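Okay, structure first, notes after.
The chains referred to below are lettered A, B, ... by the order of the sequence lines, with proteins before strands, and numbering in each begins at 1. Only a predicted model underlies this, so the values are computations on that prediction, with no experimental measurement involved.
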2 protein chains.
Amino acid sequence: MTAPTSPTKERLLELVAALGTAQWQDFSASAARHGLTGVQAKLLAHLKGPVPMRGLATLLVCDASNVTGIVDRLEARGLVRREPDPSDRRVKNVVATDEGRETIRRVRAGMHATHTALDALDAEQRTALYALLERLRDGLRPGS
Amino acid sequence: MTAPTSPTKERLLELVAALGTAQWQDFSASAARHGLTGVQAKLLAHLKGPVPMRGLATLLVCDASNVTGIVDRLEARGLVRREPDPSDRRVKNVVATDEGRETIRRVRAGMHATHTALDALDAEQRTALYALLERLRDGLRPGS
DNA sequence: ACCATTAACTTGACTACCTCAAGTATCGGG
DNA sequence: CCCGATACTTGAGGTAGTCAAGTTAATGGT
């Protein structure tokens, strides 16, 4: 037989969980080396442009009041800035400062374990992995 | 060319992160439906047999004193039991109660998004995914 | 056998994260 | 103009995480 009987869903589930955990550990450890918590770095990672507080709460899947505290701490370190939205005075847009952008870049670059793991795959494997993960994520995203 | 140039490492990194996050959200949401936090459920998931507190700290990659609190709360709910280790009186082994085992089983079963996502793959895709993830995790595990 | 070291666990103090309820300011439609 | 909805903040309360210190028990060397 070509395939040694496909792995059970339980085994796959376990593996996906283990991978997610390992990746988060790697990310958090790298963030810690730059004086950030994992959550702070994750928020920073979402700031490719200005994002309203509410939008961050949606992205992080948490209450808006939680975002207030995280942004407070990032702002105190000068990695992020709140600026008023010109078209809606209720909204505060969060923007990464130059230092913030540089910091998150370094955090990503410092994920040694993840980089090493990905380096172990050749181009073909990466393409296959990408396709499979994309498919998985699409199923994982919306609702059930 | 057959492959549309393999995806950049950055894109793959991002995808792995997104997948990890989505999976954790799904797990935590299912745990919450059973009155548990994600961390509590994760600890419970490791209890296939008796595990000393220290071992749990290693598995969860956190300080031993942190485990004390988590186990306290699980024990208060009757999902877990501390029992003395016969061969080393310093050690307390944590064991899941029947209710604890049943609860974690239900939490896993309640991960609707993950199950749906995995159901979208055929046997061949699962086998390929499993192999790739296993490879990734092995690289992600030890040191750099 | 004895003592020093080391290991497992808990406690206490402190911070971060997270949610909910309530409050303030603003927006937008009738 | 007023009412309801939306964006954000604040405060209370609980979980999660770290570090330092303390207790108890195992262990190794002499």
State which of dA20(D), dC9(C), dC27(C) makes the closest approach to the side chain of Asp88(A). dC27(C)
Between dC9(C), dT9(D), dA7(D), spot the one nearest the side chain of Met53(B), thanks. dC9(C)
Let me know the distance between CD1 of Ile70(A) and P of dC8(D), rounded to the nearest Å. 14 Å
Heavy atoms of other groups near Arg11(A) CZ, more than 12 under 6.0 Å: no
Counting just side-chain N and O atoms, does Arg89(A) come under 4.0 Å of either OP1 or OP2 of dC27(C)? yes
Out of dT11(C), dC20(C), dA8(C), which has the shortest distance to the side chain of Arg90(B)? dA8(C)
Is any side-chain N or O of Thr68(B) closer than 4.0 Å to OP1 or OP2 of dT10(C)? yes
Taking for Ser87(A) and for Ala64(A) the nucleotide of DNA chain C with the nearest heavy atom, the one nearer the 5' end belongs to Ala64(A)
Just to confirm, is there a sub-4.0 Å distance from OP1 or OP2 of dC17(C) to any side-chain nitrogen or oxygen of Thr37(A)? yes
Is there a side-chain contact between Arg82(B) and the phosphate of dT10(C), meaning an N or O under 4.0 Å from OP1 or OP2? yes
For the side chain of Lys92(B), starting at C-beta, report the closest nucleotide among dC9(C), dA16(C), dT9(D). dC9(C)
Considering only dG17(D), dC9(C), dA16(C), which nucleotide approaches the side chain of Pro52(B) most closely? dC9(C)
Of the nucleotides dC17(C), dA7(D), dA16(D), which has the atom closest to the Gln40(A) side chain? dC17(C)
Got a donor-acceptor pair under 3.5 Å from the side chain of Ser65(B) to the base of dC19(D)? yes
